[in-house]
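Structure first, commentary second.
Each chain gets a letter, A, B and so on, in the order its sequence line appears, and its residues count up from 1. Owing to the predicted nature of the structure, the values given are computational and were not obtained by experimental measurement.
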Amino acid sequence: MRRIALVDVNNFYVSCEKLFRPELEGKPVVVLSNNDGCVVSRSNEAKALGIRMAAPWHHCRAIAEQHGVVAFSSNYGLYGDMSRRVVDVLSQFVPRMDLEVYSIDECFLDVTKQPHVDASAWGQAIRQRVRQWCGLPVCAGIGPSKTLAKLANFVAKKQPSWQGVCDFTSLPPQRQAALLAEIGVGEVWGVGRRLVPQLAEFGIHTAADLRDADAASLRTRFSVVVERIVRELRGEACLEVEHQPAAKAQIQSARSFAEPFRELEPLLESARAHVVRAVEKLRAELALAGRIEVFLETNRFSPDELQHHPVASENLPAATDDVLHLVGVATRLVRAMHRVRFRYQKVGVRLLDLSPRSGRQATLFDDAPVRDARRERLGQVLEAAGKRWGRGAVAPGTAGLAGERAWHMRRGALSPAYTTRWADLPVVRT
DNA sequence: TCTGGGGTCCTAGGACCC
DNA sequence: TCTGGGGTCCTAGGACCC
């Protein structure tokens, strides 16, 4: 039987912030999304106050003030660095081949080949070492499939008696069934809020109900995805632990503004900056884009606002990572979509049809290998400058330089870059 | 006043081809 | 008046994840 562990950090972003602010222990703390828009991480105390995941922050203001909730803007530099440290520790417990970094705060570990008799003790050892070396609390769930590992992790987190580790594989079948019967079907990985009421029509309310449902008829009614969830719940590993991340199919850069704009110019600047950022990511992927898409959005949440959500895209004559060419195309697309009567709240750029850079395809009428070489050199220089002085330090004309943009985002409560900037290192007093 | 950003996968349906 | 069968490719939309 396969044995797969899911290890994740509890309340990850909040735990990172609390690590450097120990006086916040026991206090309600939240971390907000970009633009300080939504709550994306909550301490247990904040959860207890009824602050919901993804709740708009301005809806929580009253309760936050009343209970002294401490809010942070998201500090992805810090979280990314802490994430790498956790992965480093986990790599000591399984070969790199058997480790999948699934998200910024979660890893799947394939422990099938591990010789330990007692997976719970092994999980406790992981907890102890991550706590000691990174200062972060983690939980572990172990199951015969990824879906059951996820559920075991959920159980380990919710029920204190497990002490943060639940090995589903070691439980007798009746005990497994009883656990699954306590868990709402919406907690199952892959069952979202739309599916819950539709499954209820089939009399499926708990994880146990879903496991025991007729897989074939669910496939007909829904899709192969739901069928696969059923099989995974039965202990059949349909999903592998993938140690190598799959090549990206698309790259996106988009942001809401602090204030909406009618004018063309800030939209152009923003779109160009998104192209620059997307190309940075593209180059980091060692990939080329075959198509670019640009979109504008008005404020979807405002019923009084005139709505406009145009999308425009263009196939590129040859797959490219040429930032100047892409800026030119994006500029043209934004100009064509923009209408002055709307107040735009968001601009975004997507690079699609990605292909590996090594497989670069010249066009039939490729007339300018010399220009290509110069453009390539320019791309490298921009990339190096961005790494050295920070993103947006150097940008193609009128992409707007960092620090002087009218369309910045709100980030009112940002914590220091404790682990990634010398000036922000915490000082230890003796 | 104030509602994130970045992804993936699946399916249905239309256009088109032989 | 009759109007196949099989296939690909593309796009839009829906659902999910963190």
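A salt bridge is defined here as a Lys NZ or Arg NE, NH1 or NH2 lying under 4.0 Å from an Asp or Glu carboxylate O, and D81(A) with R85(A) meets this definition. Under the 4.0 Å criterion applied to side-chain N and carboxylate O atoms, E232(A) and K146(A) are not assigned as salt-bridge partners.
A side-chain donor from one of D105(A) and S103(A) sits under 3.5 Å from a side-chain acceptor of the other. There is no side-chain donor-acceptor pair under 3.5 Å between S145(A) and R2(A).
The line from OG of S43(A) to CG of N10(A) is 12.0 Å long, rounded to the nearest 0.5 Å. With rounding to the nearest 0.5 angstrom, the CD1 atom of I51(A) is 11.0 Å from the CD atom of E45(A). Interatomic distance, CG of N153(A) versus CD1 of I142(A), reported as 9.5 Å (0.5 Å rounding).
A heavy-atom distance below 4.0 Å to DNA chain C is reached by none of the residues of residues 38-54 of chain A.
Looking at heavy-atom distances under 4.0 Å, A249(A) makes contact with sugar-phosphate atoms alone, never a base. S253(A) comes within 4.0 angstrom of the backbone, heavy atoms only, and of no base. Backbone-only contact: I251(A) has heavy atoms under 4.0 Å from sugar-phosphate atoms and none from a base.
Screening residues 47-72 of chain A for side-chain hydrogen bond (donor to acceptor under 3.5 Å, both in side chains) gives N11(A)-K47(A) as the qualifying pairs, with residues at least two apart or on separate chains.
The K248(A) side chain lies nearest to dG7(B) when the options are dG4(B), dT3(B), dG7(B). Minimum atom distance to the side chain of N34(A) is reached by dG5(B), of the listed dT8(B), dT3(B), dG5(B).
OP1 or OP2 of dG5(B) lies within a sub-4.0 Å distance of a side-chain N or O belonging to S256(A). For dG6(B), one of the phosphate oxygens OP1 or OP2 lies less than 4.0 angstrom from a side-chain nitrogen or oxygen of R255(A). Put simply, K346(A) has a side-chain N or O that comes within less than 4.0 Å of OP1 or OP2 on dG5(B).
Atoms CD (E242(A)) and C1' (dC9(B)) sit 14 Å apart, rounded to a whole Å. Between Q252(A) atom CD and dG4(B) atom C1' the separation is 11 Å, expressed in whole Å. Computed from coordinates, the N35(A) CG to dT1(B) P distance equals 17 Å when rounded to whole Å. Atom CZ of R219(A) is separated from atom P of dC9(B) by 17 Å (rounded to the nearest Å). Whole-Å rounding puts the N75(A) CG to dG5(B) C1' distance at 16 Å. Atom CD of E227(A) and atom P of dC9(B) are 18 Å apart (whole Å). Atoms CG (L32(A)) and P (dC2(B)) sit 16 Å apart, rounded to a whole Å. The OH-P distance, from Y79(A) to dG4(B), rounds to 17 Å in whole Å.
For N299(A) (side chain) and E305(A) (main-chain N/O), no donor-acceptor pair under 3.5 Å exists by modelled atom type.
When each of R332(A), R291(A), R350(A) is tested with E314(A) by the rule salt bridge (charged side-chain N to carboxylate O under 4.0 Å, His left out), just one qualifies, namely R332(A).
Under the salt bridge (Lys or Arg N to Asp or Glu O under 4.0 Å) criterion, R219(A) pairs with E227(A), sequence neighbours left out.
Within the helix from dG5(B)-dC18(C) to dC18(B)-dG5(C), the inter-axis angle between the opening and closing five-pair segments is 10°, rounded to 10°.
A residue-by-residue look at N299(A) and S223(A) shows that N299(A) has its nearest nucleotide of DNA chain B further toward the 5' end. When each of V225(A) and G37(A) is assigned the nucleotide of DNA chain B with its nearest heavy atom, G37(A) is the one assigned upstream, toward the 5' end.
Side-chain contact between R228(A) and R231(A) is absent, with no heavy-atom pair separated by less than 4.5 Å.
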- Query: With the sugar-phosphate defined as primed atoms, P, OP1 and OP2, and the base as all remaining atoms, what B/S/- string results for nucleotides 10-18 of chain C, 5' to 3', for protein heavy atoms under 4.0 Å?
  - Reply: -S---SSSS
When the side chains of residues 181-200 of chain A are checked against the rest of the protein, which donor-acceptor pairs come out under 3.5 Å, sequence neighbours left out?
residue	atom	partner	partner atom	Å
E182(A)	OE1	Q159(A)	NE2	3.4
Q198(A)	OE1	R221(A)	NH2	3.4
Q198(A)	NE2	R194(A)	O	3.1

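Distance noted for atom C1' between dG4(B) and dC17(C): 15 Å (whole Å).
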